[in-house]
Amino acid sequence: MAKGITTRADDYSQWYIDIVLKADLAEHSPVKGCMVIKPTGYGIWEKIQQNLDRMFKETGHVNAYFPMFIPESFLKKEAEHVEGFAPECAVVTHAGGKKLEEPLVIRPTSETIIWATYKNWISSHRDLPLLINQWANVCRWEMRTRLFLRTTEFLWQEGHTAHATHEEAEEEAFKMIHVYRKFAESFLAMPVLVGRKTNKEKFAGALHTYCIEAMMQDGKALQAGTSHHLGQNFAKAFDVKFQDKNKELQYVHATSWGVSTRLIGGMIMTHSDDNGLVTPPKLAPVPVVFVPIWRSEEEMALVTNKAREITATWDPLSYRIDLRDQYKPGYKFAEWELRGAPIRIEIGPRDVEQNSVVVVRRDTGEKVAMPAEGLREKLDTLLEDIQNSLYAIAKERMESRTYTVDSYEEYKARIGDGGFFRVFLDYTTPEAEQRLQDETKSTVRCIPFDAPEEEGPCMITGRPCKHRVIAAQSY
RNA sequence: CGGGGCGUGGCGCAGCCCGGUAGCGCACCUGCUUUGGGAGCAGGGGGUCGGAGGUUCGAAUCCUCUCGCCCCGACCA
């Protein structure tokens with residue numbers, strides 16, 4: 001067992017904290033709720049950025065950057081929006097040694113500053129659609145924080161688009177939640193449910209919110225990404241109009257969508273084990289690490305030269321040779337395991353002699369000898385196997401822990417054990433949802449897109465429902 | 001905001017009850033031996049104990065106030 005890591009069975013929450021700290025992903029900063037993301041953690045974020053950014057650009061979006069300071073009055077322009085964010089905003093009242101005329105809010109999200117700007121960018125239907133994304137930090141003063149899952153300041157991307165019609169905006173919001181789904185599945189190896197939030201759970205200021213929800217190893221749900229159809233709410237608040245083909249002035253239709261460093265928390269809680277971090281190969285900053293083994297200077301030269309020879313034509317970012325000589329091989333094995341490197345390669349004098357290496361996969365611990373010839377191809381296959389296997393295991397877990405329940409009594413009895421519950425729940429008014437939250441500390445996570453038509457009585461109010469929703473405890 | 005915990009070399013902790021001028025492990029530096037699952041020995045450097053005030057000949061230790069962080073619950077990506 002790894003040193004100093006609480007087991008999941010013992011205390012899941014403490015296990016998570018131990019992983020983050022011991023795998024050297026992040027540490028607490030001097031300010032409450034803030035964290036320093038260390039190179040190992042940031043390397044994962046960079047992989048997330050690179051791959052998502054590509055997906056955004058492939059779907060026609062471009063990047064820009066808007067400032068983090070927002071005039072306080074901007075926030076107040078959209079009533080629902082203000083209400084949603086006011087309590088968690090950090091406000092700058094002094095700068096340059098004096099009190100500011102108007103306080104500046106540190107962005108909790110950028111809708112307001114962006115729509116104030118779009119007003120000047122949009123005048124004709126020819127300016128639409130406007131498809132912009134930004135990578136940024138935002139700040140939300142939460143009561144309770146957790147490393148990566150909920151920090152006072154966090155990194156994210158926020159897409160903000162403007163469209164000529166309701167239908168186009170709807171299509172965009174729908175398209176982007178599917179980009180997130182695809183990213184979660186193929187890069188994070190994290191299966192997700194795709195669906196719509198209830199009115200109670202939707203973004204303040206949106207017509208509706210789409211989401212992807214993942215299940216962590218303890219059975220709790222994690223909202224991993226959201227996409228909002230904002231309708232004309234912000235266009236009206238910031239007076240953003242365009243002239244259509246019929247020379248009519250129209251308010252534009254908007255969307256916004258985002259994922260954050262929370263994804264790293266999701267990745268950890270989906271795949272890691274009691275020995276440390278497990279990183280899906282596609283997000284691993286160092287997918288393959290060589291640990292050379294030697295007893296003398298001669299052996300060191302022999303072994304490291306062999307490792308260099310094997311990797312001569314490889315992408316330098318696809319592997320690392322751990323040449324540190326202050327640590328013994330055993331220490332390095334344990335350390336790379338703790339840090340989640342998907343594949344470790346042990347290479348010592350015996351291997352050099354046989355022109356082979358020992359390959360160890362992080363997820364299963366399986367250890368096999370492989371010939372040095374054609375190693376790269378074998379590793380690529382193995383990395384793919386690991387990626388697929390992680391996904392398959394997570395998917396199996398999510399499916400086996402999704403239950404169909406009809407009675408509220410049964411729900412109350414079982415919700416504490418975790419899992420997703422397919423239930424009839426009337427979300428057309430807040431009543432049932434409120435009771436659910438008060439009585440079971442769980443919420444409706446989403447109305448899945450693929451929920452089949454199925455009639456039944458709400459398990460709380462008895463009112464008729466047309467399909468089931470997913471309820472669960474969540475992070 | 002409520003409950004719990006903590007603040008002492010970089011990290012983790014002991015010392016506090018019964019005041020006497022700071023100790024242990026890890027890490028770090030030097031040297032030698034080691035190196036296929038978290039090396040060993042020897043030598044060495046580094047802190048005035050979260051902050052302020054008070055009691056006292058003397059405070060990490062006692063008293064008062066204060067600041068901060070973490071964890072658990074009520075709000076949220």
Side-chain angles (χ1 to χ4, degrees), chain A residues 1-6 11-14 16-18 20-22 24 27-35 83-89 108-109 136-158 180 197 200-204 209 211-214 221-228 256-266 275-276 291-297 299-300 303 322 324-338 344-353 357-358 360 365 367 369 437-438 441 443 473-475:
Chain A
M1 201 55 47
K3 274 186 191 169
I5 296 185
T6 308
D11 183 344
Y12 191 81
S13 181
Q14 188 57 46
Y16 174 79
I17 294 162
D18 287 348
V20 172
L21 299 178
K22 299 277 163 55
D24 220 25
E27 63 185 43
H28 292 285
S29 86
V31 176
K32 179 177 164 61
C34 292
M35 66 175 172
E83 205 178 310
F85 281 107
E88 54 193 64
C89 284
T109 177
N137 60 337
V138 286
C139 182
R140 296 181 189 176
W141 220 262
E142 303 287 354
M143 295 191 246
R144 177 123 151 67
T145 56
R146 284 161 171 275
L147 293 163
F148 288 111
L149 296 176
R150 174 166 296 104
T151 47
T152 301
E153 177 194 8
F154 58 95
L155 305 182
W156 78 345
Q157 58 67 217
E158 45 182 327
Y180 289 153
K197 286 290 186 193
K200 187 170 182 297
E201 300 285 325
K202 77 175 170 68
F203 176 71
T209 291
C211 63
I212 53 172
E213 295 279 330
L222 181 78
Q223 179 173 312
T226 52
S227 174
H228 316 289
S256 68
W257 28 271
V259 297
S260 71
T261 32
R262 168 180 271 192
L263 290 179
I264 296 173
N275 294 320
V291 177
I293 297 151
W294 64 73
R295 271 164 304 195
S296 61
E297 299 261 327
E299 283 184 355
M300 180 171 100
V303 165
D322 188 346
R324 294 175 299 174
D325 64 357
Q326 69 268 42
Y327 299 116
K328 288 176 54 173
Y331 180 92
K332 295 181 184 176
F333 295 168
E335 189 189 62
W336 285 107
E337 202 162 281
L338 181 58
R344 177 179 79 239
I345 294 181
E346 305 176 6
I347 178 167
R350 294 205 299 269
D351 304 294
V352 175
E353 201 173 309
V357 296
V358 173
V360 188
K367 208 179 241 203
Q437 188 173 338
D438 295 344
K441 285 185 274 184
T443 48
Q473 292 189 333
S474 68
Y475 279 96

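Throughout, a chain's letter reflects where its sequence line sits, starting with A, and its residues are numbered from 1.
Mapping Arg344(A) and Asp438(A) onto RNA chain B by nearest heavy atom places Arg344(A) closer to the 5' end of the strand. Checking Trp294(A) against Phe203(A), the closest nucleotide of RNA chain B that is more toward the 5' end is the one next to Trp294(A).
Within the nucleic acid shown, Thr152(A) has no heavy atom closer than 4.0 Å to any nucleic acid atom. Within the 4.0 angstrom heavy-atom criterion, only backbone atoms of the sugar-phosphate kind lie near Gln437(A); the bases stay farther away. Using a 4.0 Å heavy-atom cutoff across all strands shown, Gly258(A) reaches no nucleic acid atom at all. Contacts of Val138(A) with the nucleic acid, taken as non-hydrogen atoms under 4.0 Å apart, are absent. Using a 4.0 Å heavy-atom criterion, one finds that Lys367(A) contacts the bases of the nucleic acid, with or without backbone contacts as well. Residue Asp351(A) is classed as a base contact, given a heavy-atom separation below 4.0 Å to a base. Counting non-hydrogen atoms under 4.0 angstrom, Glu335(A) reaches a base of the nucleic acid. Within 4.0 Å of Gln223(A), counting heavy atoms only, lie sugar-phosphate atoms of the nucleic acid but no base atom.
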All N/O contacts under 3.5 Å from nucleotides 65-73 of chain B to the protein, with atom names and distances to one decimal?
{"residue": "C69(B)", "atom": "OP1", "partner": "Lys32(A)", "partner atom": "N", "Å": "2.7"}
{"residue": "C70(B)", "atom": "OP1", "partner": "Gly33(A)", "partner atom": "N", "Å": "3.1"}
{"residue": "C72(B)", "atom": "OP1", "partner": "Ser13(A)", "partner atom": "OG", "Å": "2.3"}
{"residue": "C72(B)", "atom": "OP2", "partner": "Arg144(A)", "partner atom": "NH1", "Å": "2.6"}
{"residue": "C72(B)", "atom": "OP2", "partner": "Arg144(A)", "partner atom": "NH2", "Å": "2.6"}
{"residue": "C72(B)", "atom": "O5'", "partner": "Arg144(A)", "partner atom": "NH2", "Å": "3.3"}
{"residue": "G73(B)", "atom": "OP2", "partner": "Arg144(A)", "partner atom": "NH2", "Å": "2.9"}

Provide a list of protein-nucleic acid N or O atom pairs under 3.5 angstrom, restricted to nucleotides 39-44 of chain B.
{"residue": "A39(B)", "atom": "O4'", "partner": "Lys328(A)", "partner atom": "NZ", "Å": "3.4"}

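Atom CZ in Phe85(A) sits about 16 Å away from atom P in C75(B), given to the nearest Å. Rounded to whole Å, atom P of G38(B) lies 17 Å from atom CD1 of Ile5(A). Between the CD atom of Glu299(A) and the P atom of U34(B) there is a distance of 12 Å, rounded to whole Å. One interatomic measurement links the two molecules: CD of Glu142(A) to C1' of C1(B), which rounds to 15 Å at whole-angstrom precision. For the pair Asp325(A) CG and U33(B) C1', the computed distance is 15 Å after rounding to whole Å. The distance from atom CZ of Arg324(A) to atom P of C28(B) is 11 Å, rounded to the nearest whole Å. Atom CD in Glu346(A) sits about 8 Å away from atom P in G37(B), given to the nearest Å. Distance, Arg295(A) CZ to U35(B) C1': 8 Å, rounded to whole Å.
Looking at heavy atoms from C-beta onward, Met35(A) lies out of side-chain contact with Val20(A) at the 4.5 angstrom threshold. Side-chain atoms of Leu222(A) and Leu149(A), non-hydrogen and from C-beta on, do get closer than 4.5 Å to each other.
Ion pairing between a basic and an acidic side chain is recognised when a charged N comes within 4.0 Å of a carboxylate O; Arg344(A) and Glu346(A) show such pairing. A salt bridge is absent between Arg350(A) and Glu299(A); no separation between the charged side-chain nitrogens and carboxylate oxygens falls under 4.0 Å.
Nucleotides G12(B) and C17(B) have their C1' atoms positioned 24 Å apart, rounded to a whole Å. The same atom, C1', is picked in C29(B) and in G10(B); the two are 14 Å apart, to the nearest Å. Taking the P atoms as reference points, G38(B) lies 39 Å from A22(B), given to the whole Å. Of the P atoms belonging to G19(B) and C72(B), the separation is 38 Å, rounded to the nearest Å. G23(B) and G45(B) have their P atoms separated by 13 Å, with the value rounded to a whole Å. Straight-line distance between the C1' atoms of A52(B) and A59(B): roughly 15 Å, to the nearest whole Å. Look at the C1' atom in both U21(B) and G58(B): the space between them is 8 Å, to the nearest Å. Using atom C1' as the reference point in both C11(B) and G20(B), the two lie 30 Å apart (nearest Å).
Side chain of Glu142(A) to main chain of Thr151(A): no donor-acceptor pair is present (N/O by atom type, distance under 3.5 Å, no hydrogens or angles). Using a distance-only test at 3.5 Å, with no hydrogens or angles considered, a donor-acceptor pair links the side chain of Thr209(A) to the main chain of Phe203(A). Side-chain atoms of Asp322(A) come within 3.5 Å of backbone N or O of Arg324(A) as a donor-acceptor pair.
Rounded to the nearest 0.5 Å, atoms CG (Asp325(A)) and CE (Met300(A)) are 6.5 Å apart. To the nearest 0.5 angstrom, Gln223(A) atom CD is 15.0 Å from Tyr475(A) atom OH.
Heavy atoms of other residues, nucleotides or ligands lying less than 6.0 angstrom from CD of Gln14(A) number more than 12.
When the side-chain hydrogen bond (donor to acceptor under 3.5 Å, both in side chains) test is applied to Glu201(A), no partner is found at least two apart in sequence or on another chain. Listed by chain and number, the residues in a side-chain hydrogen bond (donor to acceptor under 3.5 Å, both in side chains) with Lys200(A) are Gln437(A) (sequence neighbours excluded). Here Trp156(A) pairs with Phe154(A) under the ring pair (Phe, Tyr, Trp, His ring centres under 6.0 Å) rule; sequence neighbours left out.
Between Tyr180(A) and Trp257(A), the two ring planes are perpendicular [angle over 60°; tilted spans 30° to 60°].
Annotated stems with RNA chain B as a participant read B:1-7 with B:67-73, B:10-13 with B:23-26, B:28-33 with B:39-44, B:50-54 with B:62-66, given as range with range, by first number; only runs of 3 or more Watson-Crick or G-U pairs under 3.5 Å qualify.
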